[in-house]
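Side-chain atoms are counted along with the backbone in the values below, which use heavy atoms only and exclude waters and symmetry mates. Protein chains get the first letters and strands the later ones, always in sequence-line order, with residue 1 at the start of each.
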Amino acid sequence: MLKQFLLFSQPYTLNKQMDYQFKDIEQKWQQFWADNKTFKAENTTSKPKYYVLDMFPYPSGAGLHVGHPLGYIASDIFARYKRLKGFNVLHPMGYDSFGLPAEQYAIQTGQHPSVTTEANIATYRRQLDQIGFSFDWDREVRTSSPDYYKWTQWIFMQLFNSWYNKDADKAESIAKLVEHFESKGSAGINAVSDEEVLSFTADGWKAFNLQEQQAELLKYRLTYLRESTVNWCAALGTVLANDEVKDGFSERGGYPVEQKKMMQWSMRITAYAQRLLEGLDTIDWPEPLKEMQRNWIGKSVGASVRFPLDKTTHLSQLTTNYIEVFTTRVDTIFGVSFLVIAPEHELVAELTTPGQKADIDAYITQTKKKSELDRMADTKTVSGAFTGSYVTNPLNGAQIPVWIADYVLAGYGTGAVMAVPSGDQRDYLFAKHFNLPIIPIIDIQNIETEADPTKEGTYINSDFINGLGYKEATAAVVTKLEELGLGKAKVNFRMRDAIFGRQRYWGEPVPVYFKGGLPYLIEEEHLPLLLPEIDKYLPTESGEPPLGRATGWKHPEGEYELSTMPGWAGSSWYWYRYMDAHNDKEFASREAIEYWKDVDLYIGGSEHATGHLLYSRFWNKFLKDIGKVVEEEPFKKLINQGMIQGRSNFVFRLVKTGKFISYNKLKKLLAYGGLLADSNNDQDNAKAFAGLGLEYYPGIIDLWKENSTPTDTGVKTTLQYQSTHVDVNIVENDTLDLAKFKKSRPEYASAEYILEDDGKYICSWEVEKMSKSKFNVVNPDDLIARYGADTLRMYEMFLGPLEQSKPWNTNGIEGVFKFLRKFWKLFHDADFNFNVSNEAPTKAELKSLHKIIQKVEQDIERFSFNTSVSSFMIAVNELTDLKCNKRAILQDLVITLAPYAPHISEELWTLLGNPAGSISTAAYPKFNPAYLVEDEFSYPVSFNGKMKTNVSLSLTMEAADIEAAILANADVQKYLDGKTPKKVIVVKGRIVNIVI
RNA sequence: GCUCAGAUGGUGGAACUGGUAGACACGCAGGACUUAAAAUCCUGUUCCCGUUAAAGGAGUGCGGGUUCGAUUCCCGCUCUGAGUACCA
């Protein structure tokens, strides 16, 4: 047993010299592919194109663990398969190499982030190469390299120079907008813009000075500056995107995040909200992921309504005449009994009457103190304050009090709601709490204990819509409001414009300088604007971003922007760069883009659902609007690979004695604990323990007696023990490598162990996140050293469906390794001499072959890689049983296996006498159904749906003959037991069911 | 709370349009080979009852339904995981 453990991290010692030598084979072919650029993709060929893309990684310092390559292996199998199917395949890889971890490291060590990044990339590359991917490395991109971020900056400039024309429903150039302003003023412009744009005539525009014109244009640009409330993370010294904040803490690092007002670059993604939503119906993505994007975009159809302010009181000199609300249930307007505005609403101060000022101030103070987290945890408590002011209902003139409450969010809609307690549960609770009226408005509504948001029934208490149904009522109310000029149908989106700036160093500099407080683009020929060197990677003493430290970094006309672009900038267009990675004139040539068009298959994690995948679609649509790319959607088909979780192992130690106890023994001990505690007789106990295979010693009972709880029969007790994570790399199939464990700490060497009867120490296990602190990280390098890349590739696929999340468990990898050795043996004799015959194949051999040809084809097309691995095993098992070593079979079999296990396939392919490397572009064997045709079928015969026996019959027989033959069968007669069947169902070639 | 995904042996999983549940692999048990082990090979392995062999019975999270027949379709529930968070 000890020797078994000695082998743990060593390559398999194979008994014969010429057995499957994966190490030599894999190194040889990886070298060959690199030297011969086997997987170089051409931008023009007569073959149809196919673009297989992986989400490129951020090269972290920890390197790859076994979960990372899962998606890469799947996409590589697919890419290799598509090559065999005659496609010109683009399958590139690169690095999303700007990002926070390298910068954090730089702050701690003073090491330049580019140095760290370079080193990490080298590690990634080495690990990726070992797995045998068919990437075209000539097209590698790195987002942090100047010849890449030059084009990220260039796209930023195009966004800056564009505005969104709603009439044309696309982005257009700012020059065109200026033209319009010069000839017609602001009239006739239907744009997505800031809210407070000016109205002016053509002359008015010309009368503006340059400053004023620029300030106005900034309100239209697709990337623009505005003061916005941002998620400020003081510990990281930066602003975070909404999707980087989790429950009020930063996703990376878990530092507190607060709301802060800052001048920020933003991207007008909201201009594309509708197109982003509609585009989802045209792409083949997982439904949950599309749903996430739909929720994120958050379209709601409703109406905006203006409630005129009742100026009879102190409000006579107010500038505004109304409060505007957004509602999705404008039909319930006659049920409005109060208005609620957000505590941050701009009108709060003005609306507060002197008598209510104390209440309102107290409430605002209280709200501000509540952290984001409290506000979320505390959705049940009703709170609010009355401003003292009133508005009137635009349709019936009713006087309506205006309240403030934090259940209304300043950032959504207009920051104000019309409260209809009969139809909305939050309004209902609020009304109950503050004793406000609840007006029923639908005849079938039941509002005794809670709000009833039904749309069924007809309206009551609702003036001119009384008696109508939901649809007519809504239309009637909207028409009326439009007549009055106090409301209109409106679509509202939850999605906000994306913040596009970070107060950090390690990112793309924004190609902008400031003059007179306004931003101007640098000249295009000065791109890239290089990231300057700085002395420390920290904010300046005056609180400016790190770039404020750069000396002499200044545009002749003014100061450069000091913030850098966010992490998603470089990843929002990278798939185009792969098409033409070395172009220094354009981000990619027109020809390359027109040839490759879009990504046919994109594989990556679902964690990018609302970040990368939304921003990428946005930039893609913009690039299409300005005529630079050809497809509306960048990723035609997308697959989420499931997350690989860790599988942790634990060892147990009894608190009293310090002995380590094997898990199964511990379980027995625990199960037996209560019984043992009943007896104080050492002899009885010793017997009981012996029955468990445990050594008994007086005093062990005390282990339970700690924390004991008295019961009526005696004592129910708890055994005191500790569980500790143990490194999964010294555990195999939950059996601990005791020798290694003892060596890991001197204390463990001298400890005592309670083992299983066979001398093993069994660990328990649990599924957790894969992380160093849980000692459950499995490194692909170790597995490759032991079993080879082909085994790793196939095992990762064998683990289960690609899209399913699952814990990593190395148990079972041997089965795949054995399979590859068995496969190798098909081509070799008992002494491992290559031995393939040219005899004609038998029917059975051809059947095995064509079964797998068909199966692999079907499986790959539906991304079911795990089932093909099983099928390969079945095929090899069958051919082994048939003792088949015929070229006619094996040659085709090697091709079908090549996408999964490319190294062994290359080796055997050349041994078969084919030119080296040619398997990558060999033709996938043609499936011939004729070889699968059977003339007999063993019909399962069920009685009332329960399978009892099989009867073999010719497949040419028709239903009536089958029925007769089955009923005549002796076995069937026995089950019938003289009874006459009520009914016999015969499905030809499938089943016979007899109803009795 | 809402939305989505999922639940099958000791374990990972298979069963593609409703038609033999548990393929394939791990683990485990027994055996062969060996001085012994490793490697390799063979046999068995859903559970219960029972056995010389058999023959039964139950069974895909739980409770119903549709059907000749349900892991698969429908209704209700439980649990697990993910996303989202007062969205008017």
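Regarding A:Gln858, its CD atom lies at a distance of 16 Å from the P atom of B:A14, rounded to whole Å. Rounded to whole Å, atom C1' of B:C24 lies 12 Å from atom CD of A:Glu878. One interatomic measurement links the two molecules: CG of A:Asn993 to C1' of B:A70, which rounds to 13 Å at whole-angstrom precision. The interatomic distance linking A:Phe819 (CZ) with B:A25 (P) rounds to 10 Å, in whole Å. One can place CZ of A:Arg990 at 6 Å from P of B:G19, the figure rounded to the nearest angstrom. Rounding to whole angstrom units, CD of residue A:Glu768 and C1' of B:G81 are separated by 15 Å. With rounding to whole Å, A:Met797 atom CE is found 13 Å from B:G13 atom P. Here B:C26 presents its C1' atom at 16 Å from CZ of A:Phe817, a figure rounded to the nearest Å.
Nearer the 5' end of RNA chain B, as judged by each residue's closest nucleotide, is the contact made by A:Ser805, out of A:Met643 and A:Ser805. Heavy-atom distances to RNA chain B give each of A:Trp765 and A:Met873 a nearest nucleotide, and the one nearer the 5′ end belongs to A:Trp765.
Nearest nucleotide to the A:Val987 side chain, out of B:G13, B:G19, B:U40: B:G19. When distances are taken from the side chain of A:Tyr975 to each of B:U40, B:A88, B:G56, the shortest belongs to B:G56. Closest to the side chain of A:Arg862, from the set B:G13, B:A88, B:C16, is B:C16. Proximity note for A:Ile874 (side chain, C-beta onward) versus B:U20, B:C24, B:G56: the nearest is B:C24. Out of B:U84, B:C28, B:A88, the shortest distance to the side chain of A:Leu409 is found at B:A88. Distances were taken from every side-chain heavy atom of A:Asn950 (C-beta onward) to each of B:C24, B:A88, B:U20; the shortest belongs to B:U20. Distance from the side chain of A:Lys818 is smallest for B:C26 among the nucleotides B:C26, B:U20, B:C68. Relative to the side chain of A:Lys946, the nucleotides B:G59, B:U20, B:C87 differ in distance, and B:G59 lies closest. Taking only side-chain atoms of A:Phe798, from C-beta outward, the nucleotide of B:A85, B:A88, B:G12 with the closest atom is B:G12. Taking every side-chain heavy atom of A:Asn811 into account, B:C26 is the closest of B:A14, B:C26, B:U84.
Ring planes of A:Tyr939 and A:Phe937: perpendicular class, angle over 60° (limits at 30 and 60°). Using cut-offs of 30° and 60° for the angle between ring planes, the A:Trp808 and A:Tyr795 rings count as perpendicular. Taking the six-membered ring where the residue is Trp, A:Tyr20 and A:Phe817 present tilted rings, their angle falling between 30° and 60°.
Considering only side-chain N and O atoms, A:Gln425 lies nowhere under 4.0 angstrom from the phosphate OP1 or OP2 of B:A88. OP1 and OP2 of B:A23 both lie 4.0 Å or more from every side-chain N or O belonging to A:Asn877. A close approach under 4.0 Å does not occur between any side-chain nitrogen or oxygen of A:Arg496 and OP1 or OP2 of B:C87. Distances shown here put every side-chain N or O of A:Lys855 at or beyond 4.0 Å from the OP1 or OP2 atom of B:C24. For the OP1/OP2 pair of B:A14 and a distance below 4.0 Å, the side-chain nitrogens and oxygens of A:Asn866 include at least one atom meeting the criterion. Between A:Ser300 and B:A88, a side-chain N or O to OP1/OP2 separation shorter than 4.0 Å is present.
With hydrogens and angles left out, the side-chain atoms of A:Asn877 and A:Lys822 include a donor and acceptor closer than 3.5 Å. Residues A:Ser300 and A:Asn492 have side chains that never bring a donor and an acceptor to within less than 3.5 angstrom of each other. Judged purely by distance below 3.5 Å, without hydrogens or angles, the side chains of A:Asn811 and A:Asn809 pair a donor atom with an acceptor atom.
Applying the salt bridge (Lys or Arg N to Asp or Glu O under 4.0 Å) rule to A:Glu878 yields the partners A:Lys851; only residues at least two apart in sequence or on another chain are considered.
In RNA chain B, runs of at least 3 stacked Watson-Crick or G-U pairs (N1-N3 plus N6-O4 or O6-N4, or N1-O2 plus O6-N3, all under 3.5 Å) give these stems: B:1-7 with B:78-84, B:10-12 with B:24-26, B:27-32 with B:40-45, B:46-48 with B:56-58, B:61-65 with B:73-77.
Contact annotation for A:Pro286: no contact, since no heavy-atom pair falls under 4.0 Å across all strands. Nucleic acid contact for A:Leu799: sugar-phosphate only, since backbone atoms but no base atoms lie under 4.0 Å from a heavy atom of the residue.
Here the separation of B:A14 from B:C73, taken at their P atoms, is 16 Å to the nearest Å. Rounded to the nearest Å, the gap between the C1' atom of B:G13 and that of B:A88 is 47 Å. Taking atom P in both B:G18 and B:A23, the straight-line distance is 23 Å, to the nearest Å. Rounded to whole Å, the separation between the P atoms of B:U20 and B:C4 comes to 31 Å. Nucleotides B:U72 and B:C62 have their P atoms positioned 11 Å apart, rounded to a whole Å. Taking atom P in both B:G61 and B:A21, the straight-line distance is 16 Å, to the nearest Å. For the C1' atoms, the distance linking B:C28 with B:U11 amounts to 11 Å, nearest Å. Nucleotides B:C16 and B:G27 place their P atoms 28 Å apart, quoted to the nearest Å.
Remark: aromatic rings of A:Phe823 and A:Phe872 are distant, center separation not under 6.0 Å.
Under the 3.5 Å distance criterion, the side-chain polar atoms of A:Tyr407 are left unmatched by any main-chain donor or acceptor of A:Val382.
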* Is there a side-chain contact (heavy atoms from CB on, under 4.5 Å) between A:Trp765 and A:Asn649 once you walk through the steps? -> CA-CA 4 Å; A:Trp765 61 274; A:Asn649 278 115; 3.8 Å; yes
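Glycosidic conformation, B:G10: anti, with the torsion outside 90° of 0.
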